[in-house]
Amino acid sequence: MKRLWKVLVLFLIALLVFYFWDDGIRENEPLESPVQPGTAISGESSFEQQGDSNAKRPEKGISTVVGQSSEELTKLFGEPDRKDLSVFGFEWWIYNANPMIMAGVADGKVNQIYSADREADVYPYVNGQNSQDIYRSTIIESELEVVVGDNQYTFVLNGDDIKNKMLIQSEGLFTQLYIDETGEELEGVRFIDPMTLVMQQPYDLFYKGELMEVKKPSSEDQMAVDRALERQILDITNIYRENHGVDKLKRDYQLQLVAREHSKEMALQNYFSQDSPTSGTLANRLKLAEIDVKKAGENIALNYTDAIEAVHGWLNSPAHQEVLLDKNFTHIGTGVYGNYYTQNLIQEVEKPTKE
């Protein structure tokens, strides 16, 4: 009995120490994309030409816009709330509500469309759909091929891709299914044309022939892309939070500067860590910026294709998801510099009301 009491006392002491020492700051380990930029592998003699998929593409829903003119997109959804430049040279047309949609437009033609909004018509799927239903009703392949002239491209999905980022092929179209493994729900769907998927390379890629060259943006365009990615990460984070019954976050400019500076420093000083060699931990960075918080969390990522991929990566890491969907957080600051992404979320200290 005495031994039991000693154990209980030690347990209570440990709880008290944790309570008083915990500063409410959550820094997660960095998350790096499993597919690195520029790692497509040429296999001049390793493939046999098989041709495109014979599966029919969806006949209704937002996927029908892919391949159509931007005028058709406007007829369906109106003028976008904004147009963002992408690192691949095309524009993202952003529709913020009713439903929230992102459409890629290049040379007056829609090359992809994405939505995580539960109200979006992503036929033949439904955002929020149980993933087990999808596994049972869908033929899932680990290798998918597209042939363009003398060029052959083969996407190879790894084990995690099969679980949470399936790729489905139909006539002239690929569908990416973004699944929350923990909640077993379909979180978002991207319909994309084959050559844009080859250009973005979100999966391991083997090719025979020539690989499409992506022109590096100017420094001015890269800055515009970085700002666009920051806005998109906020948009996608908030739609995910709304889907999970959590209040949306408000953008905090000072917090955004903190996140932006951390991404910039990581890129320029060639390191990848939640701790800065010059300004230390997140707690210290917030203190230096004179941002008072009750609670804070940070997610960072590297080498993801775009904002959709980065937020999906955080969602499928339990520790990062805990920060992403924390109901106590009220404000967000997102900073992007090249391939480096930083997301800071905080619960502000309540300010006394003035009488």
Side-chain angles (χ1 to χ4, degrees), residues 33-59 62-73 85-92 102-114 124 138-162 165-178 189-218 221-222 225 303-306 308-309 339:
S33 170
V35 180
Q36 302 300 307
T39 56
I41 298 174
S42 174
E44 286 298 327
S45 59
S46 60
F47 302 113
E48 294 181 5
Q49 185 162 317
Q50 299 173 5
D52 293 335
S53 169
N54 291 320
K56 290 184 178 180
R57 62 184 291 170
E59 297 177 351
I62 64 173
S63 70
T64 58
V65 179
V66 178
Q68 300 296 317
S69 69
S70 56
E71 286 80 6
E72 289 299 317
L73 181 66
L85 184 64
S86 82
V87 73
F88 301 102
F90 63 82
E91 286 184 329
W92 278 114
M102 296 173 58
V105 177
D107 299 322
K109 186 177 178 181
V110 180
N111 61 35
Q112 61 186 299
I113 192 164
Y114 162 86
T138 306
I139 297 175
I140 304 169
E141 299 180 87
S142 60
E143 295 187 11
L144 298 98
E145 176 189 286
V146 58
V147 176
V148 181
D150 295 330
N151 303 313
Q152 182 178 349
Y153 308 98
T154 302
F155 301 104
V156 179
L157 280 62
N158 60 39
D160 287 336
D161 293 331
I162 296 294
K165 198 176 69 174
M166 287 180 283
L167 184 64
I168 311 299
Q169 187 176 16
S170 55
E171 289 179 307
L173 186 75
F174 281 97
T175 304
Q176 293 179 272
L177 302 178
Y178 294 97
V189 181
R190 183 191 326 226
F191 300 101
I192 183 169
D193 72 42
M195 290 313 297
T196 304
L197 188 67
V198 170
M199 179 172 63
Q200 296 185 190
Q201 293 182 41
Y203 304 93
D204 288 322
L205 179 66
F206 293 82
Y207 68 97
K208 178 181 178 181
E210 296 182 359
L211 186 64
M212 184 184 301
E213 184 178 353
V214 179
K215 184 180 178 182
K216 187 176 180 180
S218 66
D221 283 349
Q222 182 63 61
V225 169
N303 285 335
Y304 282 91
T305 303
D306 55 24
I308 299 168
E309 296 282 330
N339 292 331

Nearest atoms (heavy-atom pairs only) where Val146 meets Pro194:
CG2-CB, 3.5 Å
Let's go through Met195 and Met212 carefully: what are the C-alpha distance in whole Å and the side-chain angles of both, what is the deciding distance for side chain to side chain contact (heavy atoms under 4.5 Å, CB included) to 0.1 Å, and is it a yes or a no?
CA-CA 8 Å; Met195 290 313 297; Met212 184 184 301; 3.0 Å; yes
Can a donor-acceptor pair be found between the side chains of Gln36 and Asn303 at a distance below 3.5 Å?
yes
Shortest non-hydrogen contact between Leu211 and Ala40, atoms and distance
CD2-CB, 3.8 Å
Smallest heavy-atom separation, Gly149 atom then Val147 atom, equals O-CG1, 3.6 Å
May I ask you to establish whether Lys215 and Phe88 are in a cation-pi arrangement, using a distance under 6.0 Å from NZ or CZ to the six-membered ring centre and at most 45° from the ring axis?
no
Determine, stepwise, if the pair Val105 / Phe90 fulfils side chain to side chain contact (heavy atoms under 4.5 Å, CB included).
CA-CA 6 Å; Val105 177; Phe90 63 82; over 6 Å; no
Could you check whether Glu309 and Gln200, counting side-chain N and O atoms only, form a donor-acceptor pair closer than 3.5 Å?
no
To the nearest 0.5 Å, what is the distance between NZ (Lys165) and CG (Asp160)?
9.5 Å
Hey, could you give me the CG/CD distance between Leu85 and Gln222, rounded to the nearest 0.5 Å?
9.0 Å
Side-chain contact test, heavy atoms from C-beta onward, threshold under 4.5 Å: evaluate it for Val66 versus Asn111 and give yes or no.
no
Decide yes or no for Tyr114 and Phe191: does some side-chain heavy atom of the first lie under 4.5 Å from some side-chain heavy atom of the second?
no
So Gln176 and Pro202, do their side chains get closer than 4.5 Å, heavy atoms only?
yes
Any chance you could lay out the side chain to side chain contact (heavy atoms under 4.5 Å, CB included) test for Glu59 and Thr64, step after step, and finish with the verdict?
CA-CA 7 Å; Glu59 297 177 351; Thr64 58; 5.8 Å; no
Within this structure, what is the OG-CD1 distance for the pair Ser63 and Ile192, rounded to the nearest 0.5 Å?
13.0 Å
When rounded to the nearest 0.5 angstrom, what distance separates OG in Ser86 from CG in Asp306?
8.5 Å
Write down the atom of Glu171, the atom of Arg57, and the distance for their closest heavy-atom approach.
O-CD, 3.4 Å
Indicate yes or no: at least one non-hydrogen side-chain atom of Leu157 is less than 4.5 angstrom from one of Leu144.
yes
Taking side chain as C-beta onward, heavy atoms only, is Ile168 less than 4.5 Å from Leu177?
yes
Once rounded to the nearest 0.5 Å, what's the spacing between atom CD of Gln112 and atom CG of Leu197?
9.0 Å
Under 3.5 Å side-chain donor-acceptor pair for Gln201 and Tyr153:
no
Do you know the tightest heavy-atom contact between Tyr304 and Pro34?
OH-CD, 4.3 Å
Interatomic spacing from OG in Ser42 to CD in Glu210 - rounded to 0.5 Å
10.5 Å
When you measure from the side chain of Thr138 to the backbone of Ile140, do you find a donor-acceptor pair of N or O atoms at a distance under 3.5 Å?
no
Report the C-alpha separation of Thr175 and Leu167 in whole Å, then their side-chain angles, then the decisive distance to 0.1 Å, and conclude whether the side chain to side chain contact (heavy atoms under 4.5 Å, CB included) test is met.
CA-CA 6 Å; Thr175 304; Leu167 184 64; over 6 Å; no
To check you understand the geometry: which heavy-atom pair defines the closest contact between Met199 and Val214, and what is its length?
CG-CG2, 3.5 Å
If you define the side chain from C-beta out and look only at heavy atoms, does anything of Leu173 sit under 4.5 Å from Pro58?
yes
Within the 4.5 Å heavy-atom criterion, are Val156 and Tyr203 side-chain neighbours or not?
no
Would you mind telling me which of Phe206, Tyr207, Phe174 makes a ring-ring contact (aromatic ring centres under 6.0 Å, His included) with Phe155?
Phe174
